[in-house]
Amino acid sequence: MEEVRLTSLVRSSGCNAKLPPGDLHKALDNLPQKRSEALIEGFESADDALVYDIGNGRVLIETVDFFPPMVDEPEIFGEIAAANAISDIYAMGGEPAVAMSLMCFPSCLDISVMRRIIEGAIRKTGEAGVVIAGGHTISDREPKFGLAVTGFAEKDKVWSNKGARAGDVIVLTKKLGTGILMTAHKAGETDGREAVEQMRTLNRRAKESADGLDVHAATDVTGFSLLGHSYEVAAASEVSIVIDYSSLQFIPGTENAARFGFVPEGRYTNEDYLEDKVSIPSSMPLYCRDMLFSPETSGGLLLFMSEEDAFSYLDRMESAFIAGRVVEKGSERPRVQVSFP
């Protein structure tokens, strides 16, 4: 029997499938909550994971992430979904330990496809030192897969998206462009090979390369785009951020794909939400805006640190680059500005 292409079964894929950030805020803002003194981080500042004090100077870090496939190979889909979910633990400065899987599976697929997705996830979680200890599966018209991941950290070493300071240098550890390139790949216009390899890459080394350095704030760049996740840090830290477009690095082929209009749907919902929160020069071409607002899947860590520590980090992590800097917000509310040559 001919194998069904996973991407032919889904309308959206990867982190592009996230709900629009504006809709999400409407649903979550001002919800009644039960407070706990042990809960250090919840969802109030849109951080990457919850942080719960378990005593003796240790905290538990927990996150969940799942999405539809952006590739047709089940094992690679499993690897990407696992790397993406685990990334939230690294973005909080933690060490991932154990996970539960989440699977939505259509009846039109042979059950062997499910097994291959999980095998890919096991391979990637094994690389991270994580054990998949169970999970939950439901029948659905579209395949979806991901993990709920639990990690641990020393309480005084946890990162969050709060704490960025004026004068900080912003470092990004992976190139941009996965959303655009995988949109082009689905249309048969690119093989997407480099994007796939990047999405399969854990952020473990990116996190470990910051050992001994003072990271003031951190997040990872996924479905809400570089500008969206930068704004979350700006808002949580009460600062403004300047993104230097000329310093950004994109996966080869991203610019050409953007010029030809291979733009994921999430790019537009991201811009709608960020319209009054981001300043972009009118001289910037549309394809450049597309690349800044487009969702990323299993993107890099966005780290905020002093200039001295940032350059020390760049010496350790060859794939990383400077993406911008932090400035005082002044009398205005926090904003993200884009510097364009």
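When a residue number appears, it is its place in the shown sequence, counting from 1.
Under the 3.5 Å distance criterion, the side-chain polar atoms of Lys186 are left unmatched by any main-chain donor or acceptor of Met70. The closest donor-acceptor contact from the side chain of Asp72 to the backbone of Leu6 lies under 3.5 Å. Proximity of a side-chain donor or acceptor of Asp309 to a complementary backbone N or O of Gly212 within less than 3.5 Å is not detected. Side chain of Ser294 to main chain of Met291: no donor-acceptor pair is present (N/O by atom type, distance under 3.5 Å, no hydrogens or angles). Remark: side-chain polar atoms of Ser237 are paired, donor with acceptor, to backbone N or O of Gly163 under 3.5 angstrom. Lys174 places a side-chain N or O within donor-acceptor distance of the main-chain N or O of Ser298, the cut-off being under 3.5 Å. Judged purely by atom type and a 3.5 angstrom limit, Arg11 has no side-chain atom pairing as donor or acceptor with the backbone of Glu142. The backbone N or O of Ala184 lies less than 3.5 Å from no partner atom in the side chain of Thr190, so there is not a single donor-acceptor pair. Judged by distance alone, the side chain of Asn270 and the main-chain N or O of Phe293 form a donor-acceptor pair under 3.5 Å. Remark: the backbone N or O of Ala83 is not paired with any side-chain donor or acceptor of Ser87 at under 3.5 angstrom.
Here the CZ-CD distance, from Arg200 to Glu79, works out to 4.0 Å after rounding to the nearest 0.5 Å. For the atom pair CD1 (Ile89) and OG1 (Thr150), the distance works out to 6.5 Å, reported to the nearest 0.5 Å. Lys277 NZ to Tyr231 OH: the interatomic distance, rounded to the nearest 0.5 Å, is 5.5 Å. One finds the CG atom of Asp214 at 12.0 Å from the OG atom of Ser312 (value rounded to the nearest 0.5 Å). Here the straight-line distance linking atom CG of Leu314 with atom CD1 of Ile322 works out to 5.0 Å at 0.5 Å rounding. Separating the CD atom in Glu308 from the CG atom in Leu213 is a distance of 9.5 Å, to the nearest 0.5 Å.
In terms of hydrophobic clustering, with Ile, Leu, Val, Met, Phe, Trp and Tyr side chains grouped at heavy-atom distances under 4.5 Å, Ile170 and Ile280 are assigned to a common cluster. Placement of Leu227 and Phe304 within a single hydrophobic cluster is found when ILVMFWY residues are connected by side-chain heavy-atom separations under 4.5 Å, directly or transitively. Residues Leu248 and Val263 fall into different hydrophobic clusters, defined by Ile, Leu, Val, Met, Phe, Trp and Tyr side chains chained together at heavy-atom separations under 4.5 Å. Note on Leu9: it clusters hydrophobically with Phe67, by side-chain heavy-atom contacts below 4.5 Å among ILVMFWY residues. Cluster annotation: Val149 and Ile132 are assigned to the same hydrophobic cluster (Ile/Leu/Val/Met/Phe/Trp/Tyr, side-chain heavy-atom contacts under 4.5 Å, transitive).
The minimum heavy-atom distance between Gly179 and Thr183, with the atom names listed, is O-OG1, 2.8 Å. Listed here is the closest heavy atom pair of Ser319 and Thr173: OG-O, 3.0 Å. Across every non-hydrogen atom of Gly94 and Ala153, the tightest pair is CA-CB, 4.0 Å. Thr125 and Ala82 make their closest contact through CG2-CB, 4.1 Å (heavy atoms, listed as atom of the first residue, atom of the second, distance). Tyr313 and Ala206 make their closest contact through OH-O, 2.6 Å (heavy atoms, listed as atom of the first residue, atom of the second, distance). Contact between Tyr273 and Asp276 at its shortest, heavy atoms only, is O-OD1, 3.8 Å.
A salt bridge does not link Lys207 to Asp220: none of the charged nitrogens lies less than 4.0 Å from a carboxylate oxygen. Taking the charged nitrogens against the carboxylate oxygens, Arg205 and Glu318 do have a contact shorter than 4.0 Å, which makes a salt bridge. Salt-bridge annotation for Glu41 and Lys162: present, with a side-chain N of the basic residue lying under 4.0 Å from a carboxylate O of the acidic one. In this structure, Glu127 does not pair ionically with Arg123, as no charged nitrogen and carboxylate oxygen lie closer than 4.0 Å. Classification of Glu271 and Arg267 as a salt-bridged pair holds, one side-chain N sitting under 4.0 Å from a carboxylate O.
Atom CZ of Arg333 is surrounded by more than 12 heavy atoms from other residues, nucleotides or ligands within 6.0 Å. Other residues, nucleotides and ligands contribute at most 12 non-hydrogen atoms within 6.0 Å of the CD atom of Glu328. No more than 12 heavy atoms of other residues, nucleotides or ligands sit less than 6.0 Å from atom CZ of Phe260. Within 6.0 Å of CZ in Arg193 there are 12 or fewer heavy atoms belonging to other residues, nucleotides or ligands. Remark: Glu238 CD is packed, more than 12 non-hydrogen atoms of other residues, nucleotides or ligands lying under 6.0 Å away.
Residues that satisfy the salt bridge (Lys or Arg N to Asp or Glu O under 4.0 Å) test with Lys155, not counting sequence neighbours, are Asp53.
Contact annotation: the side chain of Ser247 never approaches that of Phe321 to less than 4.5 Å [non-hydrogen atoms, C-beta and beyond]. Residues Phe340 and Pro285 are in side-chain contact: their nearest non-hydrogen atoms beyond the backbone lie under 4.5 Å apart. In this structure, Val239 and Pro334 have side chains that are not in contact, with every pair of non-hydrogen atoms separated by 4.5 Å or more. Val326 is not listed as a side-chain neighbour of His216, based on a closest heavy-atom distance of 4.5 Å or more. Contact check for Phe152 versus Glu95: no side-chain heavy atoms found under the 4.5 Å cut-off. Counting heavy atoms from C-beta outward, Trp159 and Asp48 have side chains that stay 4.5 Å or more apart. For the pair Glu194 and Pro252, the minimum side-chain heavy-atom distance is below 4.5 Å. Counting only heavy atoms from C-beta outward, the side chains of Pro69 and Val10 approach each other to under 4.5 Å.
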Given side-chain contact (heavy atoms from CB on, under 4.5 Å), test Glu62 with Tyr52 step by step and report yes or no.
CA-CA 8 Å; Glu62 193 159 277; Tyr52 192 86; over 6 Å; no
Run the numbers on Thr63 and Ile86 for side-chain contact (heavy atoms from CB on, under 4.5 Å), then give the verdict.
CA-CA 8 Å; Thr63 185; Ile86 294 169; over 6 Å; no
Between His229 and Thr222, does a side-chain contact (heavy atoms from CB on, under 4.5 Å) hold up when you go through it step by step?
CA-CA 8 Å; His229 291 290; Thr222 55; 3.2 Å; yes
Evaluation steps, side-chain contact (heavy atoms from CB on, under 4.5 Å), between Thr137 and Met114:
CA-CA 10 Å; Thr137 305; Met114 179 190 293; 3.7 Å; yes
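In the model, Thr178 has a side-chain atom that pairs as donor or acceptor with a side-chain atom of Glu296 under 3.5 Å. In summary, the side chains of Thr254 and Lys175 do not present any donor paired with an acceptor at a separation below 3.5 Å, with no hydrogens or angles considered.
Aromatic ring pairs are classed by plane angle as parallel below 30°, tilted from 30° to 60° and perpendicular above 60°; the pair Phe250 and Tyr245 is tilted.
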